[in-house]
Amino acid sequence: MTSVRRDRANPVSGAGDTRARYRRILRFAARHLAVTWWFELFLPRIGLRRIAERTRAKRMHDFAQRFHVLAVDLGGLMIKVGQFLSSRLDVLPPEITKELEGLQDEVPPVPFPAIRALAEAELGVALDQVFASVEETPIAAASLGQAHRARLLPANAADAGLHNVVLKVQRPGIGAIVDVDLAALRKVGGWLSHVRLVSDRADMPALVEEFAQISLEEIDYLQEAANAERFGADFADDDRVCVPDVGWEWSTRRALILEDVTAIKITDTQALLAAGINPAQVAPVFASVMFDQMFTNGFFHADPHPGNIFVTPVADSSAGRPWKLTFIDFGMMGEVSPSTRSGLRKLLIAAASRDGKGLVSAISDLGVLVPSTDKAELERAMTHLFARFGGMGFAELREVDQREFLEFAVEFGDLVRSLPFQLPENFLLIIRAMSLTSGVCSSLDARFNLWDAVEPYAAQLLRDERGNIVQDVAQQALDAAGVALRLPKRLDGLVTRIEDGSLSVANPRLERQMARLDRTAQRSASALIFGALLIAGSVVRADDTVLGSVLMIASVVPLLHGLWVGRRGL
């Protein structure tokens, strides 16, 4: 336990104590905020905008390089911040995103004696009372924790149904580091909320709080275990996906036991080929699985980098695919609300159908554009984008004349950054997951075309949407039919009450009016049912010719009934 206390005092090599860490983060932020204010706000006001524009690319690159050094040196949440920044292609210039895209969450491992002390403190027993063996060299060392292969004692293995496992343990003192980093980020977020260039585009304090929640959940291993079980339940009947089991008996907030499912790293193309697996066939399956998580399940893996996904060969496969995708590390998970999921589905359908106007409308519905935004210019740019580059894969884009592509990219990037975008809540993880998914697919297949994965998925979503419309129309038709069927009986009861004197009637023409009302109600119901069946048939016919034709033919019956009732009343 002595080593644990020492690590709390000096938690990360080069970081110093917590006060020094806090001051270092704030000094870095203050310096670059001052530089940005000078060049982007002050110089343009005194007529020196050209100086700011001429030096902007170099300043952005220098900032990204310095932040990269800071993140690697401090570790903790700073690496996570850099990874999120690298995925913000929508609002950050390429000078920043490109420099940070290679930032890996890998730091020097904590010596095993400190890991052993923390694990035994959490488990309440010595490691050799739980495990037959534990490998002292970690299989992964990250800024928040590290993982070691282990083998359970035979009796424990029989109880848990697990043999080879992974012991995941937090880095000693990481709780204090996370607290310090979040305090510094909250302070910086408060500063940024007073900078109009930033505050017009995002609610920084709210984003920091969202990032804080994500980070605190990531260092709660009981939450990760629950996430793993929920993710596994979502894909329980899916032969594409495998999820490790949890050793609940020996898992705590700071130590976690998971089934060892290590296999071929998803981007290890040489190992895939050696196992007889075509990497180009893995990419569309991986994209489809990620789409299912975000657009169907609403619960998704938000950190799908290559180290967290394996391709596991399968001897017996009824689906004809001799491998599965195995996901690990469920500390960073995202949840999509039903309303956001609906907006994302509309966005995906619009993108797949090259509908620039529909895409802008979906973006607006998601709350990414502020209500006052003039969307005409963005719609024009999106339409131009689809007309020229829509449907092209990354390899095809490389064949486009670089001058044309760069000219359009600069124009489009400037337009996007000039619009009043705002980042809705829960979007940090969605953006990160999609960015990583795209990167993994491209590394698996240089000619991978994201449209090839999006289009069939969007087509299925569109069929689902049509199915929902048909259900709504059919329900309305049934409701109308029920009203139509009940109305004559209710009218007959009313007339009976009039005839037996239980209802006094002063107007002698009431009976004729009631009869006309009866005929009108029946004609209206017939017309409504006719329209509902005809519309439902025309919608369904696009996907199911037989059912659509049957519904359209059936619509003739209520039409004839309505005409007969009308003629009877003449």
Side-chain angles (χ1 to χ4, degrees), residues 4 7 11 75-77 80 105-107 109-153 156-157 159-178 213-234 242-263 299 301-305 307-310 326-334:
V4 176
D7 263 327
L77 293 185
K80 300 291 183 186
D105 191 4
E106 294 182 4
V107 296
V110 174
F112 187 71
I115 292 295
R116 174 188 289 275
L118 192 150
E120 291 182 342
E122 288 295 303
L123 298 175
V125 294
L127 289 188
D128 56 14
Q129 293 183 35
V130 178
F131 304 101
S133 64
V134 179
E135 293 184 8
E136 295 192 5
T137 302
I139 55 174
S143 57
L144 302 183
Q146 63 188 51
H148 296 256
R149 280 200 178 93
R151 193 159 46 87
L152 289 171
L153 289 169
N156 292 335
D159 289 342
L162 303 172
H163 295 277
N164 296 321
V165 297
V166 170
L167 169 62
K168 187 174 178 180
V169 183
Q170 284 184 12
R171 293 179 75 89
I174 194 61
I177 294 173
V178 169
Q213 181 181 351
I214 294 167
S215 303
L216 292 173
E217 287 180 355
E218 193 170 359
I219 61 171
D220 182 351
Y221 286 169
L222 289 179
Q223 179 67 47
E224 179 177 346
N227 289 341
E229 291 214 332
R230 179 177 172 184
F231 188 87
D234 283 347
C242 182
V243 179
D245 289 330
V246 179
W248 283 103
E249 299 90 331
W250 307 283
S251 294
T252 70
R253 286 189 67 253
R254 298 198 293 168
L256 176 63
I257 303 296
L258 292 168
E259 178 186 9
D260 186 0
V261 290
T262 307
F299 183 67
H301 198 300
D303 197 21
H305 66 73
N308 284 341
I309 304 110
F310 298 117
T326 300
F327 287 76
I328 63 169
D329 194 350
F330 300 93
M332 192 184 296
M333 303 296 291

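No hydrogens, no waters, no symmetry mates; every other heavy atom, side chains included, goes into these values. Count residues from 1 along the sequence.
Atom-to-atom distance recorded for Leu167:CG and Leu127:CG is 6.5 Å, nearest 0.5 angstrom. Taken to the nearest 0.5 Å, the CD atom of Glu224 stands 11.5 Å off from the CD atom of Glu217. Atom-to-atom distance recorded for Leu258:CG and Ile328:CD1 is 8.5 Å, nearest 0.5 angstrom. The OG1 atom of Thr326 sits 12.0 Å away from the CG atom of Asn308 when rounded to the nearest 0.5 Å. With rounding to the nearest 0.5 Å, the separation of OG in Ser133 from CG in Asn164 is 8.0 Å. Note that OG1 of Thr137 is 10.0 Å distant from CD of Gln146, once rounded to the nearest 0.5 Å.
Under the 4.5 Å side-chain criterion, counting only non-hydrogen atoms from C-beta, Arg230 is not in contact with Met333. Put simply, the side chain of Ile257 reaches to within 4.5 Å of the side chain of Phe131, judged on heavy atoms. Residues Leu144 and Val178 form a side-chain contact, since some pair of their non-hydrogen atoms from C-beta on lies under 4.5 Å apart. A heavy-atom distance below 4.5 Å is not found between the side chains of Val169 and Tyr221. The closest side-chain heavy-atom distance from Phe330 to Leu256 is not below 4.5 Å. Residues Leu152 and Val130 have side chains in contact (heavy-atom distance under 4.5 Å, counting atoms from C-beta outward). Side-chain contact between Leu123 and Gln129: absent, with no pair of heavy atoms (C-beta onward) separated by less than 4.5 Å.
Aromatic ring pairs are classed by plane angle as parallel below 30°, tilted from 30° to 60° and perpendicular above 60°; the pair Phe231 and Phe327 is tilted.
For the pair Ser251 and Val246, the tightest heavy-atom approach, listed with the atom from each and the gap, is OG-CG1, 4.2 Å. The two residues Val243 and Gly232 make their nearest non-hydrogen contact at CG2-CA, 3.8 Å. The shortest non-hydrogen separation linking Phe112 to His148 is CD1-CE1, 3.6 Å.
Within the structure, salt bridge (Lys or Arg N to Asp or Glu O under 4.0 Å) contacts touching residues 142-151 (residues at least two apart or in different chains) are Arg149-Asp260. Listed by first and then second residue, the salt bridge (Lys or Arg N to Asp or Glu O under 4.0 Å) pairs that reach into residues 121-131 are Glu122-Arg254, sequence neighbours excluded.
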Step-by-step side-chain contact (heavy atoms from CB on, under 4.5 Å) determination, Val165 to Trp250: CA-CA 11 Å; Val165 297; Trp250 307 283; over 6 Å; no

Start with the C-alpha gap between Trp248 and Glu229, add the side-chain angles, then the distance that decides, and say whether side-chain contact (heavy atoms from CB on, under 4.5 Å) holds. CA-CA 11 Å; Trp248 283 103; Glu229 291 214 332; 2.7 Å; yes

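A donor-acceptor pair under 3.5 Å links the side-chain atoms of Ser143 to the main chain of Gly76, judged by distance alone.
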